[in-house]
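Start at 1 with the first residue, then count along the sequence. Note that ligands are numbered from 1 as they come in the structure, with each ligand's atoms numbered from 1 the same way. Side-chain atoms are counted along with the backbone in the values below, which use heavy atoms only and exclude waters and symmetry mates.
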Amino acid sequence: MAYDVLYLSQEDVKSLDVSMKEVIAAVEKGLVLKGEGKVELPPKPGVHPRKDCYIHAMPCWVGGEVDMAGVKWVAGFPGNLDKNLPYNNGVFCLNDTDTGVIKAIMDANWMTTWRTGAAAALGAKYFSAEAPKVVSVIGLGTIGRIVLRGVKTLFPGLSSVKLYDPLHTQYEKYAAELGGVFPDLRFERSKTMEEACADSDIVATNAPILEKPERPLIKSWLKPDCLCIASDYDATLHEDIAGGGKIFCCDDRGQYLWTQGHGVYFQNGYPSEDGIYADLGDIAASKKPPVTDGLRVCVFMGVASHDVMTAGLLYKKAIEAKVGQWLKL
Ligand SMILES: NC(=O)c1ccc[n+]([C@@H]2O[C@H](COP(=O)([O-])OP(=O)(O)OC[C@H]3O[C@@H](n4cnc5c(N)ncnc54)[C@H](O)[C@@H]3O)[C@@H](O)[C@H]2O)c1
């Protein structure tokens, strides 16, 4: 029997004008439920048709009072920058949890970007003793831009951002886009990664993920009380940071260890099970106290509960605003 499914294109999703504050709230709610053990989140299976590329399936059920389920099919292709295409591309499918029928199919590019910025912002919220003043962003693409939006949303007093990207043209784009959004923020261009890291409260890394990571960013460049937030697996942070900080936090312990166990990422000096202080859900649900001094290292691979929570928010907004197209399945 055919039934109606709501289709939301990327333009539809953008037209909903959802704010970073709303995405952060949704992602945080998902993290609390995850910490309370109410989320089913298997590690993401993937295929890898080209070097340094992936296409992942990310299913998840967020239980408790949320009770929403869905799956994201998302690709990451670093060469897309040269082709004027996004690094990440995907589609999300939202299911009804009583019947399993599909309620909506939507663009997943916007959600992947915005929920990643929201997760980084929450890392900054839980692991900062006081409001950060200076943030470094390494890798100035889509994720580098949204991470700043997330952190600045939670910490409006943030006064400067130090920027590094080996592709120099990225700086102009970055400063032009975000300078308009945050006119009070000072944008500093750094010639080297080392210069960008000096004296920063938070260093956020957003470079392409590599099967043979170079991990160029070393501990001696950081001030002792620095918070590192990596959205790029082990591409940038050296093992002397990942394995040598006061605490190491990931967004999902199971997914991190499963990925490490496959022998490609998080090898050679990255923490194994004993070295993980907490996952972000443990902190959000107050199962573990946050640590706010010393070198703190967060590696957020991106978890499907963020996507389900963001998709639920988009679906609700779209129904209210009568946005999207109803298609027969
Ligand atoms: N953790 C998550 O939840 C999550 C979600 C989405 C994307 N990502 C990851 O974030 C990263 C960035 O994605 P994006 O969409 O911004 O890609 P993008 O192509 O828009 O930007 C990548 C940027 O990194 C720069 N870069 C290249 N080599 C670098 C290096 N060695 N050091 C510093 N910068 C370098 C590029 O010039 C470019 O500006 C990717 O690794 C992607 O897989 C993570």
Q. Taking both backbone and side-chain atoms of P78, is any N or O found less than 3.5 Å from an N or O belonging to ligand 1?
A. no

Q: Please examine the side chains of C250 and F300, heavy atoms only from C-beta on, and report whether any two atoms are closer than 4.5 Å.
A: no

(Q) Determine whether Y256 and F248 satisfy the following criterion, ring-ring contact (aromatic ring centres under 6.0 Å, His included), listing intermediate values before the conclusion. (A) CA-CA 12 Å; Y256 173 85; F248 180 87; 5.3 Å; yes

Q | Element-labelled atoms of ligand 1 that are located less than 4.0 Å from some non-hydrogen atom of T142 | A | 15 (O), 16 (O), 20 (O)

Q: If you have a sec, work out which protein heavy atom is nearest atom 7 (C) of ligand 1 and how many Å separate them, to one decimal?
A: N88 OD1, 2.9 Å

Q) Polar-atom distance check: S231 versus ligand 1, any N or O pair below 3.5 Å? A) yes

Q: Keeping the roles fixed (side chain from D201, backbone from K133), state whether a donor-acceptor pair exists under 3.5 Å.
A: yes

Q) Do any nitrogen or oxygen atoms of L81 come within less than 3.5 Å of a nitrogen or oxygen of ligand 1? A) no

Q) Less than 3.5 Å between some nitrogen or oxygen of F300 and one of ligand 1, yes or no? A) yes

Q: Using a strict 4.0 Å cut-off to heavy atoms of T112, name the atoms of ligand 1 that fall inside it.
A: 6 (C)

Q: Cation-pi check, K328 to Y3: give yes when NZ or CZ is under 6.0 Å from the six-membered ring centre and within 45° of the ring axis, no otherwise.
A: no

Q: Kindly confirm or rule out an N or O of D165 lying under 3.5 angstrom from an N or O of ligand 1.
A: yes

**Q.** Nitrogen or oxygen of M193 less than 3.5 angstrom from that of ligand 1
**A.** no

**Q.** M301 neighbourhood, listing ligand 1 atoms whose heavy-atom distance to it stays under 4.0 Å
**A.** 1 (N), 2 (C), 3 (O)

Q) Do ligand 1 and R115 have nitrogen or oxygen atoms that lie under 3.5 Å from each other? A) yes

Q: Among V299, T236, L295, find the one that has a side-chain contact (heavy atoms from CB on, under 4.5 Å) with C228.
A: L295

Q | Atom indices of ligand 1, in the order listed, that fall short of 4.0 Å to a heavy atom of Y54 | A | 43 (O)

